[in-house]
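Start at 1 and go down the list; that is how both ligands and their atoms are numbered.
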Amino acid sequence: MNQDQIRHYLQMYLVVGSVNCKASDPITIVKAALSGGVTLVQFREKGADALQGTELLRLALQIQALCRAEGVPFIINDDVDLALEIDADGVHIGQDDENAEAVRAKIGDRILGVSAHTVSEARFAMQQGADYLGIGPIYPTHSKDDAHEVQGTAILCELRENGIHVPLVGIGGITEERAAEVIKAGADGVAVISAITEAKDVHETVVRMKSKVGNTLRER
Ligand SMILES: C=C1C=NC(C(F)(F)F)=NC1=N
Ligand SMILES: [Mg+2]
């Protein structure tokens, strides 16, 4: 997939799993987020009481169907086999998952996202065929219990200053108020978990955050 298409998808990127959906259920949240205009959805079912087996498969298929109906790509976190089993649009893997080259061989030209925390990890992931990099945590996050140390937006500037010009999305504690500075620092979009899944009004939060991202991208 070409880089401009990937950059478009990264603008307003929802990362969701049942564990992050406390106020409401995942389907209600994904429907509202899609109506608000999210441009990419990642199914990330991790943590203490994460779903397993057929329950996990059923939820993945339900969210995939909602995304398909809206023409929004649907990506699976970590679980490459599940992604292939349901023909998801791509996968997102971390540094502790299967290496990107091996995953690229399995998924063909589906979307491949890789987490990176340093310039060298970023360079290596791109050489291995990643379509985009997930960079963070930019701010303190409570959505991920094994998060790396908080990096601030400086990591985004550092990557761009070191010639990493591939599609980048920031993740970690990103709220509506912080979205613009993540884009100003060089990200092509924002990946968001609890600011959306725990929002009082999911639809409005996505609408507002997406317009701030879009306006800031145009000003850059
Ligand atoms: C650990 C992760 C890091 N980054 C991303 C994203 F921003 F969406 F690319 N997703 C993850 N699951
Ligand atoms: Mg992982």
Taking NZ, NE, NH1 and NH2 as the nitrogens, is one of them in [X] or [Y] under 4.0 Å from a carboxylate oxygen of the other?
X: Lys31; Y: Asp25; answer: no
X: Glu177; Y: Lys212; answer: no
X: Arg160; Y: Asp188; answer: yes

Item checked: Audit row: Asp87, Arg110, salt bridge (charged side-chain N to carboxylate O under 4.0 Å, His left out) steps and yes/no -> CA-CA 9 Å; Asp87 191 20; Arg110 290 180 177 84; 2.8 Å; yes
For ligand 1, which atoms sit closer than 4.0 Å to a heavy atom of [X]?
X: Asn77; answer: 12 (N)
X: Gly134; answer: 4 (N), 7 (F), 9 (F)
X: Tyr132; answer: 9 (F)
X: Val15; answer: 8 (F)
X: Arg44; answer: 12 (N)

Next item on the list: Using the side-chain hydrogen bond (donor to acceptor under 3.5 Å, both in side chains) rule, pick out the option among Gln95, His92, Glu121 that qualifies with Ser115.
Entry: His92
Check: Have Arg58 and Gln62 got a donor and an acceptor in their side chains that come within less than 3.5 Å?
Finding: no
Next item on the list: Check all N, O or S atoms of Asp78 and name the one closest to the Mg ion (ligand 2).
Entry: OD1
Notebook entry, point to check: Closest N/O/S atom of Asp97 to the Mg ion (ligand 2), by atom name?
Noted result: OD2
Give me the residue, atom name and distance of the protein heavy atom closest to [atom].
atom: atom 7 (F) of ligand 1; answer: Ala191 CB, 3.2 Å
atom: atom 2 (C) of ligand 1; answer: Ser115 OG, 3.4 Å
atom: atom 10 (N) of ligand 1; answer: Gln42 NE2, 3.2 Å

Notebook entry, point to check: Just how far is it from atom CD1 of Ile155 to atom CD1 of Ile138, taken to the nearest 0.5 Å?
Noted result: 7.5 Å
Item checked: Val38 side chain near Leu40 side chain, heavy-atom distance below 4.5 Å -> no
Next item on the list: From atom 9 (F) of ligand 1, work out which of His148, His117, His92, Gln95 has a heavy atom at the shortest distance.
Entry: His92
